[in-house]
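Here's the structure, in structure tokens; my notes come after.
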Amino acid sequence: MSLRRLARTDLAAFQAYRHDPEVGRWQGWQPQTDAQATAFLDEMASCALFEPGCWTQLAIADDLTGQLIGDIGIHISDDATEAEFGFTLARTAQGRGLASAAVREAIQRVFAETPVQRIYAQTDARNTACLRLLDRLGAVHLARIETEFRGEPCVEHRYELARRSR
């Protein structure tokens with residue numbers, strides 16, 4: 001697994017997992033048309049990485065083939081002291097530790113390349129795979145939040161990973 005910039009050549013793989021209802025079940029995004037997805041991939045291929053106030057979406061790629069297997073979004077706060085992340089992995093790539101590896105690498109890059117002090121993640125309580133991943137990463141559970149997602153009541157959990165002193 002490696003992280004890289006998204007590219008227009010990722011369109012077919014991107015659309016395949018982003019149109020899989022099981023993959024998108026816990027995601028805040030909605031499937032896009034090919035034209036919308038191409039514009040998004042082009043934007044992410046050329047935008048500044050880790051720009052304060054903006055989301056950066058990176059590709060999660062298979063090490064051997066370079067094939068897109070998912071993506072990870074990172075939002076840096078306006079003052080660059082905090083970040084939030086979210087990730088998506090194709091169903092065929094799940095259950096092999098690839099999401100954990102991608103999130104670990106993204107966290108390392110954010111702390112190495114920005115002044116961010118804390119990274120947050122929030123997930124639906126029913127997304128047990130994500131909850132387990134956050135626990136494996138050593139994230140601290142901050143809050144249980146009753147909210148609404150896609151028109152239904154739900155409970156979300158908020159986690160934090162803090163920069164470690166060297």
Residue list, side-chain contact (heavy atoms from CB on, under 4.5 Å) with C47, at least two apart or on another chain:
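Here the qualifying residues are R5, M44.
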Please enumerate all residues that pass side-chain contact (heavy atoms from CB on, under 4.5 Å) together with T92, with sequence neighbours excluded.
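Counting only residues at least two positions away or on another chain, T92 forms a side-chain contact (heavy atoms from CB on, under 4.5 Å) with A90.
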Listed partners of F50 passing ring-ring contact (aromatic ring centres under 6.0 Å, His included), at least two apart:
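Applying ring-ring contact (aromatic ring centres under 6.0 Å, His included) to F50 gives none.
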Among all residues two or more places apart in sequence or in another chain, which pass the salt bridge (Lys or Arg N to Asp or Glu O under 4.0 Å) test with [X]?
{"X": "R8", "value": "D42"}
{"X": "R118", "value": "E160"}
{"X": "E105", "value": "none"}
{"X": "R25", "value": "none"}

Filter on ring pair (Phe, Tyr, Trp, His ring centres under 6.0 Å), then keep only pairs touching residues 127-164, sequence neighbours left out; what's left?
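Non-adjacent pairs meeting ring pair (Phe, Tyr, Trp, His ring centres under 6.0 Å): H141-H157, H141-Y159.
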Can you pull out every ring pair (Phe, Tyr, Trp, His ring centres under 6.0 Å) where at least one residue sits in residues 59-90? Sequence neighbours excluded, please.
W55-H75
Can you sort out the partners of R104 under side chain to side chain donor-acceptor pair (under 3.5 Å), two or more places apart, ordered by chain and number?
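For R104 there are no side chain to side chain donor-acceptor pair (under 3.5 Å) partners, ignoring immediate neighbours.
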Which Ile, Leu, Val, Met, Phe, Trp or Tyr residues join Y120 in one cluster when any pair of side-chain heavy atoms under 4.5 Å counts as a link?
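Members besides Y120, by chain and number: V140, L142.
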Using side-chain contact (heavy atoms from CB on, under 4.5 Å), reason through R109 and L58 one step at a time and then give a plain yes or no.
CA-CA 12 Å; R109 286 185 66 179; L58 295 173; 4.1 Å; yes
Show every donor-acceptor pair shorter than 3.5 Å between a side-chain atom in residues 16-23 and any protein atom, with sequence neighbours excluded, or say none if there are none.
{"unit_1": "Y17", "atom_1": "OH", "unit_2": "G70", "atom_2": "O", "d": "3.4"}
{"unit_1": "Y17", "atom_1": "OH", "unit_2": "D71", "atom_2": "OD2", "d": "2.4"}
{"unit_1": "R18", "atom_1": "NH2", "unit_2": "D71", "atom_2": "OD1", "d": "2.8"}
{"unit_1": "R18", "atom_1": "NH2", "unit_2": "D71", "atom_2": "OD2", "d": "3.4"}
{"unit_1": "H19", "atom_1": "NE2", "unit_2": "Q15", "atom_2": "NE2", "d": "3.4"}
{"unit_1": "H19", "atom_1": "NE2", "unit_2": "Q32", "atom_2": "O", "d": "2.9"}
{"unit_1": "D20", "atom_1": "OD1", "unit_2": "E22", "atom_2": "N", "d": "2.9"}
{"unit_1": "D20", "atom_1": "OD1", "unit_2": "R91", "atom_2": "NH2", "d": "2.7"}
{"unit_1": "D20", "atom_1": "OD2", "unit_2": "R91", "atom_2": "NE", "d": "3.0"}
{"unit_1": "D20", "atom_1": "OD2", "unit_2": "R91", "atom_2": "NH2", "d": "2.8"}

